[in-house]
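Quick note on labels: first sequence line is chain A, next is B, and so on, each numbered from 1.
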Amino acid sequence: MQQYQRSKVCRANSWLVVGSSAPFVPISLGARQTCPVTRTEGTSGISEVDHGNAELLTQSVRGWFEVHARDLPWRDPGTSAWGVLISEVMSQQTPVARVAPAWQRWMAQWPTPADLAAASPADVIRAWDRLGYPRRALWLREAAIKICEDFDSAVPSRYEDLLTLPGVGDYTAAAVAAFAFGQRVVVLDTNVRRVIARSVSGVETPESASPTVAERRLAEAMLPIDGAAAAHWSVACMELGALVCTSRSPDCGECVLKSTCAWVAAGRPAAANRARPTQRFTGTDRQVRGKLMAILRAADGPVTARALGSAWPDDTQRMRCLDTLIADGLVEPLPRSRYRLPT
DNA sequence: GAATCGTGGCT
DNA sequence: TAGCCAAGATT
């Protein structure tokens, strides 16, 4: 039998109410009375958000974070907005543990946007080392130049301005606005999406590949009113997703939300198998590009086409990859079939 | 929406 | 072992 909890509609957030004429049902059969959200039957819209219970959830995670947060270098209170931006871009699709030492070296070399704006592409590509996706290093340099030209050499604080920087998308713009400037913005990364999907919506993983409008509304409804508190919740939620509520093997027994988690209450049902094309890496252009870049990074000066031949035996694929690297601005072609990192 | 874009650790 | 996964952005 279902126990309905009729959540209170906060008048200040009444715009969140969607389809309020439909009957209320709990978000899942196992949802406890502390589940902060109910849905309207037959829709995916949010009916109501119980802000009291949402606050309990966010407070729990924030309290956990205060005890278990990793000691990452950019979490030093003295870190500049520039440092935050660098940490966020470096952390895109790259494990944080691998980012930390690179971030420290990077910040020592280019402590301000103006410093990086004066660097050469070759310098930033080498400093990027093996973080992966080296285009991010070029975008960061271009962002530094734009910051100097359009924003008086200071990292902009507005989400909309941050979005104009190359390599800065929704997540990174929101993360900088929140973590560097204490603004109340929804920070929806893969960790936050997973934690909310499980603890509130009762499903193992978010349904869609990219955040939906419904997800944003839900995340917005759960966001603490105060900007600093909202940012603290976001970073704490990300940390919980990274350390406890992980994608592959969540440690529910040690989770602060175990007693209120909708997914745990439902018996941790597995997500429906959606046949994703298993993305292999071996033999792809990405691997070849990586090998070519590794040779160019290690070389002091220009490299011959013959030297690059050792990267990959397939001439056609190797040359195709070299062309795309040139098109991306990661490689500079020279006369007599020689190549180098762009100066 | 789907494809593309590095790298290395973990299971 | 081979696949999965990691603080996404761009085209």
Side-chain angles (χ1 to χ4, degrees), chain A residues 65 69-70 72-75 83-103 125 128-140 142-143 162-180 185-195 204-212 231 233-243 245-251 271 273-297 311-312 320-321 323-325 327-331:
Chain A
F65 178 79
R70 289 169 292 183
L72 301 175
W74 50 86
R75 286 179 178 166
V84 172
L85 174 60
I86 301 298
S87 75
E88 295 301 339
V89 173
M90 284 186 168
S91 298
Q92 294 168 0
Q93 298 292 286
T94 300
V96 165
R98 212 186 308 169
V99 167
W103 181 87
I125 291 168
W128 195 256
D129 196 36
R130 291 178 297 183
L131 290 179
Y133 298 139
R135 291 184 298 176
R136 289 181 294 167
L138 294 183
W139 288 335
L140 216 34
E142 293 163 13
L162 287 162
L163 264 188
T164 68
L165 302 176
V168 175
D170 167 71
Y171 162 75
T172 303
V176 173
F179 304 149
V185 294
V186 172
V187 182
L188 263 190
D189 82 321
T190 184
N191 290 306
V192 174
R193 294 184 67 204
R194 185 173 56 249
V195 170
E204 184 182 24
T205 60
E207 304 289 345
S208 66
S210 55
T212 63
W233 145 251
S234 292
V235 70
C237 189
M238 289 169 63
E239 194 79 341
L240 188 70
L243 300 182
C245 190
T246 60
S247 176
R248 183 56 77 86
S249 55
D251 190 2
N273 276 339
R274 60 178 57 199
R276 296 182 191 172
T278 172
Q279 50 179 5
R280 52 178 355 99
F281 176 68
T282 305
T284 62
D285 284 2
R286 282 153 81 168
Q287 183 182 30
V288 178
R289 283 167 56 106
K291 287 181 174 296
L292 291 171
M293 289 302 296
I295 292 175
L296 289 160
R297 277 198 309 268
W312 199 252
R320 177 176 72 239
C321 290
D323 284 341
T324 65
L325 288 172
D328 287 342
L330 287 164
V331 174

Quiz prompt | Atom P, compared across B/dG8 and C/dA9: separation rounded to whole Å | solution = 23 Å

Quiz item: Quick one: are A/L292 and A/L325 in side-chain contact, heavy atoms under 4.5 Å?
Solution: yes

Quiz item: Which is true for A/T172 with a 4.0 Å heavy-atom rule: it touches a base, it touches only sugar-phosphate, or it touches nothing?
Solution: sugar-phosphate

Quiz item: Is there a donor and acceptor pair, one atom on the side chain of A/T94 and one on the base of B/dG6, closer than 3.5 Å?
Solution: yes

Quiz item: To the nearest angstrom, how far is A/E204 atom CD from C/dC5 atom P?
Solution: 9 Å

Self-check item: Side chain to side chain, A/I86 and A/W103, heavy atoms closer than 4.5 Å
Solution: yes

Quiz item: So what does A/A242 hit on the nucleic acid, given a heavy-atom distance under 4.0 Å: a base, only sugar-phosphate, or nothing?
Solution: sugar-phosphate

Practice problem: With heavy atoms under 4.0 Å as the rule, sort A/D170 into base, sugar-phosphate or nothing. | Solution: sugar-phosphate

Practice problem: Could you work out which one of C/dA7, C/dC4, B/dG8 sits closest to the side chain of A/R248? | Solution: C/dC4

Quiz item: Contact class for A/W128 vs. all strands (heavy atom < 4.0 Å): base, sugar-phosphate, or nothing?
Solution: nothing

Quiz prompt | Distance in angstrom units between A/R193 CZ and C/dC5 P, rounded | solution = 14 Å

Quiz item: What does A/L163 touch in the nucleic acid at a heavy-atom separation under 4.0 angstrom: a base, only the sugar-phosphate, or nothing?
Solution: nothing

Quiz item: With a non-hydrogen cut-off below 4.0 angstrom, is A/S247 in contact with a base, only sugar-phosphate, or nothing?
Solution: sugar-phosphate

Exercise. Taking only the side-chain heavy atoms of A/R289 (C-beta and beyond), determine which of B/dG8, C/dC5, B/dC5 contains the nearest atom.
Key: B/dC5

Quiz item: Side chain of A/P95: nearest nucleotide among C/dG3, C/dA7, C/dA6?
Solution: C/dA6

Exercise. Determine the Euclidean distance between corresponding C1' atoms of B/dG1 and C/dT10; express it in Å to zero decimal places.
Key: 13 Å

Exercise. Name the nucleic acid region contacted by A/R320, choosing base, sugar-phosphate or nothing; use a 4.0 angstrom heavy-atom cut-off, strictly under.
Key: nothing

Quiz item: Counting any heavy atom closer than 4.0 Å, what does A/V187 reach on the DNA or RNA strands: base, sugar-phosphate only, or nothing?
Solution: nothing

Practice problem: Considering only atom C1', compute the distance from B/dT11 to C/dA7 and round it to an integer number of Å. | Solution: 23 Å

Quiz item: How many Å lie between CG on A/D189 and P on C/dA6, as a whole number?
Solution: 10 Å

Exercise. Nearest whole angstrom, please: distance from the P of C/dG8 to the CZ of A/R98.
Key: 13 Å

Practice problem: Please name all residues satisfying salt bridge (Lys or Arg N to Asp or Glu O under 4.0 Å) with A/D129, sequence neighbours left out, ordered by chain then number. | Solution: none

Practice problem: Would you mind classifying the nucleic acid contact of A/R194 as base, sugar-phosphate or nothing, using non-hydrogen atoms under 4.0 angstrom? | Solution: sugar-phosphate

Practice problem: Could you tell me whether A/T284 contacts a base, only the sugar-phosphate backbone, or nothing, with contacts defined as non-hydrogen atoms closer than 4.0 Å? | Solution: nothing

Quiz item: Which residues in residues 131-139 of chain A have at least one heavy atom lying under 4.0 Å from any atom of DNA chain B?
Solution: A/L131, A/G132, A/Y133, A/P134, A/R135

Self-check item: Protein-nucleotide distance (A/L140, atom CG; C/dT10, atom P), rounded to Å
Solution: 12 Å

Quiz item: What pairs with A/A173 under side chain to side chain contact (heavy atoms under 4.5 Å, CB included), at least two apart in sequence or on another chain?
Solution: A/Y159, A/L162, A/L163, A/V168

Quiz item: Atom CG of A/L330 to atom P of C/dT10: distance rounded to whole Å?
Solution: 15 Å

Practice problem: Provide, to the nearest angstrom, the distance between the CG atom belonging to A/D328 and the C1' atom belonging to C/dT10. | Solution: 11 Å

Quiz prompt | Qualifying residues under salt bridge (Lys or Arg N to Asp or Glu O under 4.0 Å), relative to A/R193, sequence neighbours excluded | solution = A/E215

Quiz item: Looking at side-chain heavy atoms only, is the closest gap between A/L296 and A/V331 below 4.5 Å?
Solution: yes

Self-check item: Test salt bridge (Lys or Arg N to Asp or Glu O under 4.0 Å) applied to A/E239 - qualifying residues, sequence neighbours left out
Solution: A/R70, A/R75

Quiz item: With a 4.5 Å limit on heavy-atom distance, are the side chains of A/V187 and A/M238 in contact?
Solution: yes

Practice problem: Using whole Å, report how far CZ of A/R286 lies from P of B/dG8. | Solution: 14 Å

Self-check item: Partner residues of A/D251 under the salt bridge (Lys or Arg N to Asp or Glu O under 4.0 Å) criterion, sequence neighbours left out
Solution: none

Exercise. For C/dG8, take OP1 and OP2 only and decide whether either is under 4.0 Å from a side-chain N or O of A/Q92.
Key: no

Quiz prompt | First encountered from the 5' end of DNA chain C, between A/V235 and A/P166 | solution = A/V235

